[in-house]
Amino acid sequence: MFALVDGNNFYVSCERVFRPSLEGIPVVVLSNNDGCAIARSNEAKALGVKMAQPWHEIRHLEESDGLVALSANFALYGDMSDRMMSLAAGLGPTQEIYSIDESFIGLDGVRGDLKARSMAMRSRILSWIGIPCCVGIGPTKTLAKFANNVAKSAERKPGSYPVEHAQVCDLSKLERSQVDELLEATDVGDIWGIGPRIGKQLREGGIATAAGLARLDPATARARFSVMVERTVRELRGVACISLDDPAEPKQQIACTRSFGRPVEAYGPLVEAVSEFASRAAEKLRSQSSHAGDVLVFIRTSPFRKDPQYSRSIIVPLRRPCSDTSAIVDAALLGLRAIYQPGFKLAKAGVMLMELRPAAQEQFELCLEEPEAGRDKARLMQALDSVNDRWGRGSIKVGSAKIGQTPRDWSMKQQRRTPAYTTEWDDMPIARS
DNA sequence: TCTGGGGTCCTAGGACCC
DNA sequence: TCTGGGGTCCTAGGACCC
């Protein structure tokens, strides 16, 4: 049996803890550069604000309906999340933190009334931390997600589901026919794993509800869609196919990407941005004690504009897998140099680290080969991280001579460059568009 | 004018092997 | 005219999640 604990309108709820005056009024939290709404209070949802809706499309609600928009404060949300997760963990023996506001709890071996226990945990999170949350309980992760959706809807939209499921919905207590009724009342697209594409295809095929999906023959689901959909069908029928993830599992990719506040054309600001992204990514890499093998850099124009479009990415292999900021920044800038073309209004750039592996292996090899260099690098990076941890992100950065150069220098270099420039380095990056 | 920032997994098809 | 039948690995792209 699984429980899914999910903070309601999480970012908005975090803000309300520190600004209780926001209670009861429509609030949205905006993404980076205040681009679009990434969290909405119930009142904002009632106004019709959609997830990830651009701010310029909804800003008129500020005047007409008193909508309040806040810039995101991710450091705060991360901290609130940690506290919420540690309380949620008390519900059962195992926990998988699934996102900043959700965790699955394994309930195997938990005795007593699951619903009462969940209610108690819920009110503890509310009174100790100030975050309202909902709990769904079911025999599979997909059904626990579904139950959580029922719990939230029953509370927020009276009439959508029986009111006794509000806040905590425990499917383990229900007859199969009662579960079927709930599934019947649920759009197929609200099921975990069914996105817009497959949802549309299912509806075209006459399957509009979650109950319809549960009735689909698993073999047909696999043949017509994929093993993912087949797995979802089985999970809806109560057969657990997805287990709780090991919490210690390190990430397989680490990304740092941003949209720019305004279009960027010149090379200089790009160098600064990409250096920053690469440094941040390297920090994240070290925090999970991994090394990266490849660095991917991309730049692109805005697909929403009519301007000439440009989108390129490149993978630069590191000579030796590492987590060293200067090596990763250098690789990222090398890649940027290869894909940059003047004359485009770039809207976004990013750095991704790939081919991640545990750090221990390479460190050992490096220490054998170059004991001094290996130790010095590791110490330098440790110092960097601890200073930034204490004094705030970006307090110390790794310098790069290239950052100091003016855009003019760079445009001259661009002009001088011949098509054969890619042969300048031995680790030739692999380009793709 | 203004459109997020992360992640995961699966699949089809090509290259290559014997 | 007729042109094998497997297998593996890699990559790009698609679909999904919050």
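Residue numbers begin at 1 in each chain, while the letters A, B, ... track the order of the sequences.
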*Asks:* Write out the stems for DNA chain C, ordered by first number and formatted as range with range, counting runs of at least 3 consecutive Watson-Crick or G-U wobble pairs under 3.5 Å.
*Replies:*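 Listed by first number, the stems are B:5-18 with C:5-18.
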*Asks:* By a strict heavy-atom criterion of less than 4.0 Å, which residues belonging to residues 302-310 of chain A are in contact with DNA chain B?
*Replies:* A/F304, A/R305
*Asks:* Please tabulate, for the side chains in residues 258-265 of chain A, all donor-acceptor contacts under 3.5 angstrom to protein atoms that are two or more places apart in sequence or on a different chain.
*Replies:*
none

*Asks:* Reckon A/L30 touches a base, only the sugar-phosphate, or nothing at all at heavy-atom distances under 4.0 Å?
*Replies:* nothing
*Asks:* Tell me which residues in residues 143-151 of chain A put a heavy atom below 4.0 Å from DNA chain C, sorted by number, or none.
*Replies:*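 Result for residues 143-151 of chain A: A/K145, sorted by number.
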*Asks:* With heavy-atom distances below 4.5 Å as the criterion, would you say the side chains of A/C134 and A/N8 are in contact?
*Replies:* yes
*Asks:* Atom pairs under 3.5 Å, N or O on each side, protein against nucleotides 5-8 of chain B: can you list them with distances?
*Replies:*
residue : atom : partner : partner atom : Å
B/dG5   : OP1  : A/N32   : ND2          : 2.6
B/dG5   : OP1  : A/S259  : N            : 2.9
B/dG5   : OP2  : A/S259  : N            : 3.1
B/dG5   : OP2  : A/S259  : OG           : 2.9
B/dG5   : O3'  : A/R258  : NH1          : 3.4
B/dG6   : OP1  : A/K284  : NZ           : 3.2
B/dG6   : OP2  : A/T257  : N            : 2.5
B/dG6   : OP2  : A/T257  : O            : 2.5
B/dG6   : OP2  : A/R258  : NH1          : 2.3
B/dG7   : OP2  : A/A255  : N            : 2.6
B/dT8   : OP1  : A/Q252  : N            : 3.1

*Asks:* Under 4.0 Å from any atom of DNA chain B, heavy atoms only: list the residues of residues 54-75 of chain A that qualify, in numerical order.
*Replies:*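 Close to the strand are A/P54, A/H56.
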*Asks:* Using the C1' atom in both, what is the distance from C/dG4 to B/dC16, to the nearest Å?
*Replies:*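 Going atom to atom, C1' in each nucleotide, I get 16 Å.
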*Asks:* Could you pick out which residue, A/Y11 or A/V227, lies toward the 5' side of DNA chain B when each is mapped onto its nearest nucleotide?
*Replies:*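 Comparing both residues, the 5'-ward one is A/Y11.
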*Asks:* Within the 4.0 Å heavy-atom criterion, would you say A/Q53 contacts the bases, only the backbone, or no part of the nucleic acid?
*Replies:*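 Nothing, no nucleic acid heavy atom in range.
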*Asks:* Could you walk me through whether A/W192 and A/F2 pass ring pair (Phe, Tyr, Trp, His ring centres under 6.0 Å), step by step?
*Replies:* CA-CA 15 Å; A/W192 191 41; A/F2 299 90; 9.9 Å; no
